Amino acid sequence: MNTQVFSASDPKTPELAAAIVRRGGLVAIPTETVYGLGADGLNPEAVAKIFQAKGRPNDNPLILHVTGPEQLPLFCHSIPESAYRLAERFWPGPLTMVLPARDNVPRCTTAGLSTVAMRCPKTEVTRKIIALAEVPIAAPSANLSGKPSTTTAEHVLHDHNGNIDAIVDGGPCAVGVESTIVDLTEPRPRLLRPGGITPEQLLEVLGDLVIDKAVTAQIDKDAVVKAPGMKYRHYAPQEPVVIVSGSREKAAAYIRRHFVPGDRVLCFEEELSLYQDCNPLAYGREDDVQTLSAGLFAALRELDDPSIHQVYARCPVGGGVAYAVQNRLKKAAAFHIIDAEAEA
Ligand code: TXA
Ligand code: MG
């Protein structure tokens, strides 16, 4: 198959991409978070192609992308009023809500669950494609399963060239980490995955929020978890990643003591001069956490190289968007963290 690349700014693109979705094909779509691998979310054969192209375990459900809150009752039932309050505040945007699924949502989309994840992406071309397709678009992140997510059309081509019908190139994704997921199917709202909408922002609207244990700790692969995707080793380059926490100076001292040729250092731009002879790669600025979230996955992809022996990574501290960056980096490191302050 020849994978076509459509430009998001070409006025013909929305209809070309929507036509692929309607006929059951696969099209990678840009969103403000990461690129998604999209197909008709109501068509089990099209959905099966997503799982096949990604090599995704079929117990890991997909997110349905819709044009807005008015579409929630088409695919969900027993919708709490809090879902509409969240949508009003954060949609279109990087927030996914888990709600009870109607019977018209195929069980392969929800991986057999009775709930479905719903999101309305901010990227305008993608909302146009959904509207023209006249179906909700199921779309996981477009990376091959287990690999760092795709934040440019080039990343998608790298993983899927010849394997999918088309890619809509909308440039690099602004947020850079996947959407925040909140489960609204229980009495208390539960954060399943941190993202561009922060826990603090959710609390403002909801007044209550449980942080699921999969957000903060490594989950055993046989465990029963709320967001099945959270238990897999994720976002990870091939070689081991270890986070070195602590002050800039103590961390640099620790890393420089242990660094051997073949290792890499993933750090903040402000730290590059400390690692001149340690082959450093900066993924953004520590004093501008948005650049870290936008740059993290491209950096992890660059480090996905069998000739690298070990990666020492620096992780931002604090809440807000930093919380999502910590979550992704800790998962890439399989929660392997060294405290340089204690080691010194
Ligand atoms: O930003 C995003 O959310 C991107 C873009 C493309 O929209 N999509 C994305 O999809 O990150 P994916 O498949 O890579 O991650 C979806 C996560 C998985 O961890 C999955 O287990 C969880 O959402 N999920 C999906 N449906 C669920 C459900 N009904 N209940 C709980 N978790 C669910
Ligand atoms: Mg993913």
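Below, each value reflects all heavy atoms present in this structure, side chains not excepted, and no hydrogens, waters or symmetry copies. As the structure lists them, so they are numbered: ligands from 1, and atoms in each ligand from 1. One is the number of the first residue; the rest follow in order along the sequence. Given the structure is predicted, the values throughout are model-derived calculations rather than measurements.
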Visitor: For Asn327, does its backbone N or O pair with a side-chain atom of Arg193 as donor and acceptor, under 3.5 Å?
Guide: no
Visitor: Number the atoms of ligand 1 from 1 as they appear, then name those within less than 4.0 Å of a heavy atom of His65, with their elements.
Guide: 5 (C), 6 (C), 7 (O)
Visitor: So, is Arg56 polar-close to ligand 1, with some N/O to N/O distance under 3.5 Å?
Guide: yes
Visitor: Could you tell me which atoms of ligand 1, counted from 1 in the order shown, lie closer than 4.0 angstrom to a heavy atom of Glu178?
Guide: 1 (O), 2 (C), 11 (O)
Visitor: Can you tell me if Glu200 uses its side chain to pair, donor with acceptor, with the backbone of Gly320 under 3.5 Å?
Guide: yes
Visitor: I'd like to know whether NE2 of His158 has more than 12 heavy-atom contacts from other residues, nucleotides or ligands below 6.0 angstrom.
Guide: no
Visitor: Is it true that Asp304 and Lys147 have a side-chain N and a carboxylate O under 4.0 angstrom from each other?
Guide: yes
Visitor: Any Lys/Arg nitrogen of Arg314 or Glu286 sitting under 4.0 Å from an Asp/Glu carboxylate oxygen of the other?
Guide: no
Visitor: In ligand 1, which numbered atoms sit nearer than 4.0 Å to a non-hydrogen atom of Leu113?
Guide: 28 (C), 29 (N), 30 (N)
Visitor: Assess Ile63 for proximity to ligand 1: is some non-hydrogen atom of it under 4.0 Å away?
Guide: yes
Visitor: Ignoring hydrogens and angles, tell me if any N or O in the side chain of Gln326 forms a donor-acceptor pair with the backbone of Gly318 under 3.5 Å.
Guide: yes
Visitor: May I ask you to identify, for Pro140, whether its side chain, its backbone, both or neither come under 4.0 Å of ligand 1 on a heavy-atom basis?
Guide: both
Visitor: Using a 4.0 Å cut-off to any heavy atom of Ala117, which atoms of ligand 1 qualify?
Guide: 25 (C), 26 (N), 27 (C), 29 (N)
Visitor: For the pair Thr33 and Ser179, evaluate side-chain hydrogen bond (donor to acceptor under 3.5 Å, both in side chains) and give the outcome as yes or no after the intermediate values.
Guide: CA-CA 6 Å; Thr33 59; Ser179 60; 5.7 Å; no
Visitor: Give the atom numbers and elements of ligand 1 that come within less than 4.0 Å of a heavy atom of Gly36.
Guide: 6 (C)
Visitor: Using a 4.0 Å cutoff against the non-hydrogen atoms of Asn60, which atoms of ligand 1 qualify?
Guide: 18 (C), 20 (C), 21 (O)
Visitor: Should Arg256 and Asp277 count as an ion pair when the cut-off is N to O under 4.0 Å?
Guide: yes
Visitor: If hydrogens are left out, which of Ser114, Pro61, Ala28, Ala101 has an atom nearest to atom 24 (N) of ligand 1, that is, the closest non-hydrogen atom?
Guide: Pro61
Visitor: Give a yes or no answer on whether the side chain of Arg328 reaches the backbone of Ser293 with a donor-acceptor pair at less than 3.5 Å.
Guide: no
Visitor: Among Lys122, His65, Arg119, find the residue that satisfies the side-chain hydrogen bond (donor to acceptor under 3.5 Å, both in side chains) test when tested with Thr31.
Guide: Arg119
Visitor: For the Mg ion (ligand 2), does an N/O/S atom of Ser141 lie at less than 2.8 Å?
Guide: yes
Visitor: For ligand 1, does Leu192 get within less than 4.0 Å through its side chain, its backbone, both, or neither, judged by non-hydrogen atoms?
Guide: side chain
Visitor: Could you tell me whether some N/O pair between Arg119 and ligand 1 is separated by less than 3.5 angstrom?
Guide: yes
Visitor: Check Thr115 against ligand 1 and report side chain, backbone, both or neither, counting heavy atoms closer than 4.0 Å.
Guide: both
Visitor: Please list, in number order, the atoms of ligand 1 under 4.0 Å from a heavy atom of Ile181.
Guide: 17 (C), 22 (C), 23 (O)
Visitor: One thing to verify: whether Arg22 and Glu15 come together as a salt bridge, which I'm taking to mean a side-chain N less than 4.0 angstrom from a carboxylate O.
Guide: yes
Visitor: Any atoms of ligand 1 less than 4.0 Å from a non-hydrogen atom of Ala139? List them with their elements.
Guide: 6 (C), 8 (N), 10 (O)
Visitor: Please determine whether any non-hydrogen atom of Pro121 lies less than 4.0 Å from an atom of ligand 1.
Guide: no
